[in-house]
Structures are given as C-alpha cells and as structure tokens.
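Take a look at the structure set out below.
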Amino acid sequence: KPNSMTMCSMATEDKDTLVVRRQTTGDALHSLLSDLFEEVRHECSGSVADYIPQLAQADPALFGVAFCDVHGRISAVGDSRATYCLQSTSKPLNYCLARNLQAAGRGAPVHEHVGFEPSGRAFNEFCLNAQGLPHNPLINAGAIIVASLIEPAKEPAARFDEVIGFYRRLSGGGAGNIGFDNGVFLSEKHHADRNVALAYHMRQHGAFDGYPTPSQLQDHLDLYFQTCSVTINSEVGAVMAATLANHGTCPTSGEAVVSPYIVKDVLSIMHGCGMYDFSGQFGFTVGLPAKSGVSGAVMLVVPGVGGFCIYSPRLDEHGNSVRGLAFCNAFARLTASRYHVFGRVLSEPASPSWRWDAGKEAARDGGKEGGAHGSDNGAAPRTVAAVADGDAADEDKQVELLVHRLGHAASLGNLHALRERPTLLGHGDRDGRTPLHLACAKGQTDCVVYLLSIENVRREPKDRWGTTPAAEAAKYHAKLCEQQAAGDDGLEVRMQEWEAVRSMLAEAPAEKRKQRRHSS
C-alpha cells in the first residue's frame, strides 16, 4: 500500500518499462525525482559485480530510485521495489548500531578499534593504519571490526536478530521488505579467503577487543557476511537514509533510533569514505554523505531534508553504481549545489572572523573542578557539557572538539598533541572518558606516564559506565597475556613496562596522600 501521505500513479513509459511514481505536493525534491530519473536512465555503461556468482546474476537493466523526506513522505520511480543485498551499504548502519551499544554500556568503544581516515586504497586492501587498526568503518577491514563489536558474547542467531531489529527500526518497521539472501551469504562465505586473511592480520596487530579464538573470529566474519546479505528495496533504503537526515529519528515512525551525536559521526565518515576510493571527488562535486555497495545501491543523505536510495547493478571501475553516481551528479547540477554541505557559502554573506578567546580558555580550563563532575567521590570527571554557560556556547563547542581530539591523540600515543593542551587533559568527553582512560585502553605507556605527571589529571575518574583508567589498564594487561599465551614472542619487556604503569595508577592521588600525612 502507498504511504498515507502520498498518491500512487502508474504510467507505461515504453513497452518494456513500467514506472511507478508516488507523488506528494509542495516539496521540490519530490517533483525533481522523475526528471533526474529520466536524465540518467539511458546510461548503460559498467558491468555487474561478479566476484561471487550470486551477484553476477543481477539483472543489469534494473533501475529504481526512492526519496523520503524528513516528514516521512516517500516518492519512488522505476524498479523501486526490486530487492537487492545491502552489501557495503550495511556498513554505516552497523557502525550506528555498534555506537548505540557502546552508548548503552553494552559494547566496547568503537574508535579504540577502528580509525576515522580515508585509506586511499581499495576497499578490500591489506592495509592498516600506523596503530594497527583499520582506517575507517566503511572498508572491509573496518566493517569486520565493527561486526565483532555487536553483542560478541551472544550466540550467533541472537547477534543477527539484533542487527535485523535495528534495521527495521531505522526503516520504520519495514518487516515485510527486509529479508535475507542465503545464497549470497553462502557464496560470500565460500569466497572469503581475503576477508579471513584480513581478520587474522588484524588479530595479529591487536585491533579486536580482546584476542578472539578462531571460532570467535569465524562468528564475527559470519555476522559481517550476513549483514552484507540482508535484502531491502530502494523505498526501505530511502527511509533509512532519511532517518540519518532527520538526526537519527525515523521520519515514518517517529522513533529516535540513533543519537544525533552518532549521526554526526557517521555522516562525517560517509562524507569522507563512503564512495570507496572515489570519495574525494564525490565529496568535491556532490558534497553530501553517501554510501555505495557492489550490489549497485547508493544511499545519499541530505541532512535536514531527506534521503535518496538508488539501485542499479552496473558498476564502474571503483565499484560504484554507474547510474547511481550519474543520478547524484545530476542532482548536484540541477539543484545548483544548493544542498552541498558547503553550498551555503555561495548564497550567504561572509560572517566576521571568529577568534578564540585565550583569556576565557585559561579561566575556564584552569579553574578548580567542582560539582557533580569535579568531586573526588568517584563520579565522572567534568565534561565539556558541564561547563557551558550560554554566552560561551560557541567556545564550548570548540572545547568539546579539542577534548575529543586529545582523547584520540592519547589513544594513538601522540604525546606531542597532549603537551600542546595541558589544561584540557583533565576533561572528559560526553561519555566521561578522559585522555587517561583512552591511553590506558590502548597501552600507550609514554602518554600514561605524562598524564599522571599533570596536576589536574585525576587517577581515578569514572566514565559513564563506571570504568576507571586502572580498569582499562587491567583489560590491556589481559590482552597482552592472551597474546603471550597464543605464542606471541617478545612481550616480556612490554609486560614489565605495563606492570610499572599499573603500579603508578594504583598509587594514591596526591591529595589523598596529604590527607593521610595530616591524619598521622
């Protein structure tokens, strides 16, 4: 049945093509959809993916497009109800789920196991960053890591049910339109040599949360293959994209599915990494977050406006849908880049240059910590949100960004970056995780030693889940023990160094030592 806010009409364009349109009134993008479809429908270059036999069976003539706005109105043209496998378009969705689980205290911190950066390499390349982590969640290596963080303690069926339930919430229900292609799954698993090798390569470099056994590693891979094999159609995909456009609230159900902060992060990663190694040019010309998949799908998010989903199986040399890419380029051209993330600079006057107030920074960051977030009672450390004060909202956003970057620097062992901002090192992010938490979680000895030397860095802050830096250090020690038990040689010195770090963390904070001296 059509959406209650739309009207359905069918028209035969020629003897071979039936075009279905769901028209709504008032929105320019709904009326523009048919024009865009007609402009690119005759593009027939490219070839269907054939790295597994099942994908090679797709009908290359299929072409469907759907658009859902943030009010839940849907327009669709062409083969918009033809089903296809999500393939890589599942990756940003799985990232959102893993971040949701992290926020609920049911999963490990995602970005302690996967990076943010474009890799500049093919999506299945044997390539990790300098810290031994996948570059981002949207390449195969990163997506395998993300899958491993989705309810790893549960049995495989329950993990898959968790993913399907999340997809249905993103699409406002979608129960009858979300399926599973077992043939594709079995084919993915049968032709998985490279992905299996990638998984063991990442285990060797400590990218996973813990040190998974071969059986656990296979379960993680199976979940990754299963999510790639989930089937939807363009109309379901458009609602999913619109949920991201609508700050994480599904426009057809009204359910808040993903935190706006997580949406901000996933859209940032999609903008920089979503179109394989064509992402830079796509960001330059189209300027919107998007994700493509080798099944021929493209999800395009127009923040605050709505989401497109384009399906056409013929791919270019980068693995992107030829018609999908042509549609996005036509959209940017026909709208004069109005929706480009930087498009407003074409129509808005320049604002006065903004300057960071160093005096306010020193006053705000160097003052005595207090209140619920600053006491020594084991509560979470002061967060950036706790120091906001109306007139300084812009400055607080800048501080929040700096704190986030310092935490990331600590996790990477970037001691130089920490030394540049010593007054901020006692702050926690929105989850209460300080640079000391993150340095301990990643075993960055030099950063931990430096942080413990800073007066305003407390040894015992608790994040929102009640975890202290000492607890993170214990987890990292357990990881070293697992690696040593698995036969990894050369860890003896490393373990001695880390034991010394744990001893430093266990020392009583300076103020408590003073109290003991006074009482004696």
Side-chain angles (χ1 to χ4, degrees), residues 10-21 33-67 75-91 122-124 140 177-188 190-191 225 227-238 240-241 274-278 281-282 286 290-300 308-331:
M10 289 188 177
T12 304
E13 299 294 315
D14 53 48
K15 65 180 181 179
D16 297 320
T17 306
L18 185 67
V19 179
V20 182
R21 295 189 179 90
L33 190 65
S34 296
D35 295 337
L36 292 168
F37 180 88
E38 292 301 326
E39 176 162 334
V40 303
R41 62 180 296 195
H42 297 296
E43 173 59 70
C44 295
S45 62
S47 56
V48 174
D50 59 1
Y51 73 94
I52 60 173
Q54 275 62 29
L55 290 181
Q57 297 173 10
D59 181 355
L62 290 174
F63 182 30
V65 185
F67 172 71
S75 295
V77 186
D79 302 302
S80 62
R81 292 189 174 178
T83 59
Y84 61 87
C85 289
L86 281 171
Q87 291 294 329
S88 287
T89 55
S90 66
K91 292 173 181 175
F123 64 92
N124 60 353
N140 285 15
N177 298 314
I178 297 180
F180 180 73
D181 192 322
N182 194 52
V184 170
F185 167 66
L186 293 174
S187 192
E188 290 276 9
H190 183 73
H191 297 273
F225 299 145
T227 60
C228 291
S229 306
V230 171
T231 60
I232 65 169
N233 60 40
S234 297
E235 295 179 22
V236 173
M240 290 175 164
M275 299 296 285
Y276 301 125
D277 47 347
F278 190 73
Q281 187 167 334
F282 187 89
V286 180
K291 185 69 192 88
S292 62
V294 294
S295 57
V298 177
M299 285 186 184
L300 181 71
F308 288 95
C309 185
I310 308 104
Y311 171 59
S312 179
R314 289 193 180 98
L315 308 178
D316 63 16
E317 66 274 16
H318 299 288
N320 296 315
S321 169
V322 173
R323 282 174 173 162
L325 193 57
F327 181 96
C328 294
N329 283 324
F331 170 74

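Keep in mind that the numbers below use all heavy atoms, side chains included, and drop hydrogens, waters and symmetry copies. Residues take their numbers from the sequence shown, with the count starting at 1.
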Starting from the C-alpha separation in whole Å, work towards a yes-or-no answer on side-chain contact (heavy atoms from CB on, under 4.5 Å) for Asn320 and Val298. CA-CA 8 Å; Asn320 296 315; Val298 177; 5.7 Å; no
As a quick check of understanding, evaluate side-chain contact (heavy atoms from CB on, under 4.5 Å) for Val294 and Tyr276, giving each step before the final call. CA-CA 10 Å; Val294 294; Tyr276 301 125; 3.8 Å; yes
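If you take CZ on Phe331 and CG on Leu33, they are separated by 10.5 Å, rounding to the nearest 0.5 Å. To the nearest 0.5 Å, the span separating CZ on Phe308 from CG on Leu36 amounts to 6.5 Å. Between the CG atom in Asp181 and the CG atom in Leu186 there is a gap of 9.0 Å [rounded to 0.5 Å]. To the nearest 0.5 Å, the span separating CD on Gln281 from NE2 on His318 amounts to 7.0 Å. One distance of note links CG of Leu62 with OH of Tyr311; it measures 5.0 Å at 0.5 Å rounding. We find the CG-OG distance between Leu55 and Ser187 to be 7.5 Å, quoted to the nearest 0.5 Å.
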Listing, residues 43-51 side-chain donor-acceptor contacts under 3.5 Å, not counting sequence neighbours, or none:
unit_1 : atom_1 : unit_2 : atom_2 : d
Glu43  : OE2    : Ser45  : N      : 3.0
Glu43  : OE2    : Ser45  : OG     : 2.5
Tyr51  : OH     : Gln87  : OE1    : 3.1
Tyr51  : OH     : Glu188 : OE2    : 2.8

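Residues Ser321 and Ser312 come closest through the heavy atom pair OG-O, 2.9 Å. The nearest pair of heavy atoms linking Ser80 to Glu235 is OG-OE2, 2.9 Å. For Phe327 against Val40, the heavy-atom pair with the smallest separation is N-CG1, 3.9 Å. The minimum heavy-atom distance between Pro313 and Asp59, with the atom names listed, is CG-O, 3.3 Å. Taking each heavy atom of Cys309 and Ala238 in turn, the nearest pair found is CB-N, 3.4 Å. Between Thr89 and Ser292 the shortest heavy-atom distance is CG2-C, 3.7 Å.
A heavy-atom distance below 4.5 Å is found between the side chains of Ile52 and Val184. A heavy-atom distance below 4.5 Å is not found between the side chains of Lys91 and Leu86. Between Met275 and Leu325, some side-chain heavy-atom pair lies under the 4.5 Å cut-off. In this structure the side chain of Ile232 never reaches within 4.5 angstrom of the side chain of Asn177, judged on heavy atoms. Under the 4.5 Å side-chain criterion, counting only non-hydrogen atoms from C-beta, Asp316 is not in contact with Phe278.
Using the six-membered ring where Trp is involved, Phe185 and Phe225 have ring planes that are tilted, between 30° and 60° apart. In this structure, Phe63 and Phe37 have parallel ring planes: the angle between them is below the 30° cut-off, well short of the 60° mark.
One N or O on the side chain of Arg323 and one on the backbone of Arg41 form a donor-acceptor pair closer than 3.5 Å. A distance-only check finds a donor-acceptor pair linking the side chain of Ser295 to the backbone of Cys85 [under 3.5 Å].
His191 NE2: more than 12 foreign heavy atoms inside a 6.0 Å radius.
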